[in-house]
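Ligands are counted one by one from 1 in listed order, and the atoms in each one are counted from 1 as well.
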Amino acid sequence: MKELVIHHELIDEAVTAKLQAICPFGAFTVENGHLSVNAACKMCGLCVKKGPAGAVTLVEKSSAPSIDKSLWRGITVFADTTEGRIHPVTFELLGKARELAAVIGHPVYALLIGSGNKATAQELLHYGADEVFVYDNTIQGTFLIEPFTAAAADFINKVKPCALLVGGTNAGRSLAPRIAARFKTGLTADCTSLEIKPNTDLVQIRPAFGGNIMAKIITANNRPQLCTVRYKIFSAPTKQAEASGKITRMEIDSDKLQSRVKVLQTTPKEQGIDLTAADVIVVAGRGIKNKKDLTLVKELAGLMHAQFAGTRPLIEAGWVDPRQQIGLSGRTVSPKLIITVGISGSVQFVAGMKGSATIIAINNDKNAGIFNVAHFAVIGDLYEIVPGLIQKIRSGRESAA
Ligand SMILES: Cc1cc2nc3c(=O)[nH]c(=O)nc-3n(C[C@H](O)[C@H](O)[C@H](O)COP(=O)(O)OP(=O)(O)OC[C@H]3O[C@@H](n4cnc5c(N)ncnc54)[C@H](O)[C@@H]3O)c2cc1C
């Protein structure tokens with residue numbers, strides 16, 4: 001790995017101007033009279049070859065900084081909360097953290113920032129956290145990226161956790177990259193599986209190249225290790241009747257908690273489509289020949305008190321709301337029952353629903369991939385099967401009434 005080094009003793013206004021004129025990427029910036037190289041640098045070396053002699057050099061940097069992994073202990077879960085309410089992804093991650101920690105003999109920590117609520121910290125102890133670190137004396141409950149990052153950084157500096165698992169929520173997706181940048185460590189987004197090696201390297205597994213391969217990513221030379229995981233990928237552990245573990249209050253200088261964002265007012269979001277919370281989902285795929293035929297699938301969903309959803313081609317065609325897309329680039333769901341109608345079962349679609357408790361697939365091709373994950377296969381024409389199901393549900397209800 002190469003690194004561009006600026007020899008500041010040779011830098012003056014004229015040299016700065018020359019370097020800036022040479023660089024095709026605009027990578028040289030001056031702040032408070034100090035010349036630095038920004039992320040736009042492509043290490044092309046043009047400034048070294050054509051710039052003032054000796055002003056900048058490219059040096060070989062060891063790609064394997066020696067870190068003592070034994071100094072980093074504890075699998076930590078970022079506790080995602082809104083006004084004291086814990087997002088369920090937090091419990092799912094605590095369950096996974098317990099499994100990982102058991103392999104390497106580490107404790108499980110939860111990091112709770114800005115809750116201001118003792119009951120919230122206590123609740124985390126019922127789900128397997130050995131210790132909950134709480135920053136709430138000076139931080140309000142509302143998620144603000146700057147103070148939350150400062151508190152997380154303070155926690156990492158003081159506790160040195162081996163890994164930090166973050167839910168793929170709006171807050172988690174803002175926080176995790178900031179922490180990774182601050183500690184110059186890796187971050188794997190949207191992991192679908194996690195394992196750990198005996199040397200404490202976290203194996204972060206996620207689909208890559210459009211879902212055609214599962215990439216196993218490790219952060220071998222840096223700590224802490226960071227990843228985000230979507231809601232409903234892992235199962236939440238059962239709540240233990242007895243809380244075990246302890247709560248540790250953390251102090252941080254209030255001047256580190258400045259925020260350039262001021263919350264003037266919060267307005268609850270309108271209750272929209274929430275596929276992730278649905279118990280029953282009926283999904284339409286490209287086996288549906290035209291937009292008006294979707295009413296058939298929607299009718300079935302309505303009768304079953306189910307959420308209606310679609311595959312990506314239907315979203316791309318503008319037939320279905322993007323919030324109703326299931327799959328790799330849509331929502332991940334794990335309902336009690338899912339019925340797929342005219343869906344082939346691409347890896348990208350299956351990645352978003354394979355955790356469903358019962359899968360019923362309707363397809364007229366007996367070799368369709370969806371049947372590999374389905375618990376019940378209905379082989380036939382959806383234009384006969386779906387109206388038949390609707391008819392049966394209706395007549396069943398009428399005779400029960
Ligand atoms: C990076 C990337 C991300 C992606 N993300 C997603 C994603 O999040 N979600 C997603 O869905 N896709 C996603 N895709 C697209 C994905 O690859 C597939 O193209 C898509 O899932 C196919 O949708 P489908 O099953 O509805 O259509 P098709 O693959 O066309 O399948 C239609 C099925 O309907 C059956 N059929 C046809 N007529 C009838 C009938 N009359 N009765 C019964 N069955 C019938 C056919 O046998 C066929 O199996 C992504 C692709 C990429 C590259």
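- Residues Tyr135 and Phe155 keep their aromatic ring centres 6.0 Å or farther apart.
- The protein residues lying under 4.0 angstrom from ligand 1, judged by non-hydrogen atoms, are Gly210, Gly285, Arg286, Gly287, Lys289, Thr311, Arg312, Pro313, Gln325, Ile326, Gly327, Leu328, Ser329, Gly330, Gly342, Ile343, Ser344, Ser346, Gln348, Phe349, Asn363, Asn364, Asp365, Gly380, Asp381, Leu382, Tyr383.
- Annotation: side-chain hydrogen bond (donor to acceptor under 3.5 Å, both in side chains) contacts involving residues 381-401, sequence neighbours excluded, comprise Asp293-Tyr383, Glu299-Arg394.
- A salt bridge does not link Glu146 to Arg178: none of the charged nitrogens lies less than 4.0 Å from a carboxylate oxygen.
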All N/O donor-acceptor pairs, side-chain side in residues 16-32, below 3.5 Å, sequence neighbours left out:
residue, atom, partner, partner atom, Å
Thr16, OG1, Asp12, O, 2.9
Gln20, NE2, Phe28, O, 3.2

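- Within a 6.0 Å sphere centred on NZ of Lys246, heavy atoms belonging to other residues, nucleotides or ligands number 12 at most.
- Evaluation of the salt bridge (Lys or Arg N to Asp or Glu O under 4.0 Å) test over residues 201-215, restricted to residues two or more places apart or in two chains, returns Lys69-Asp201, Asp201-Arg223.
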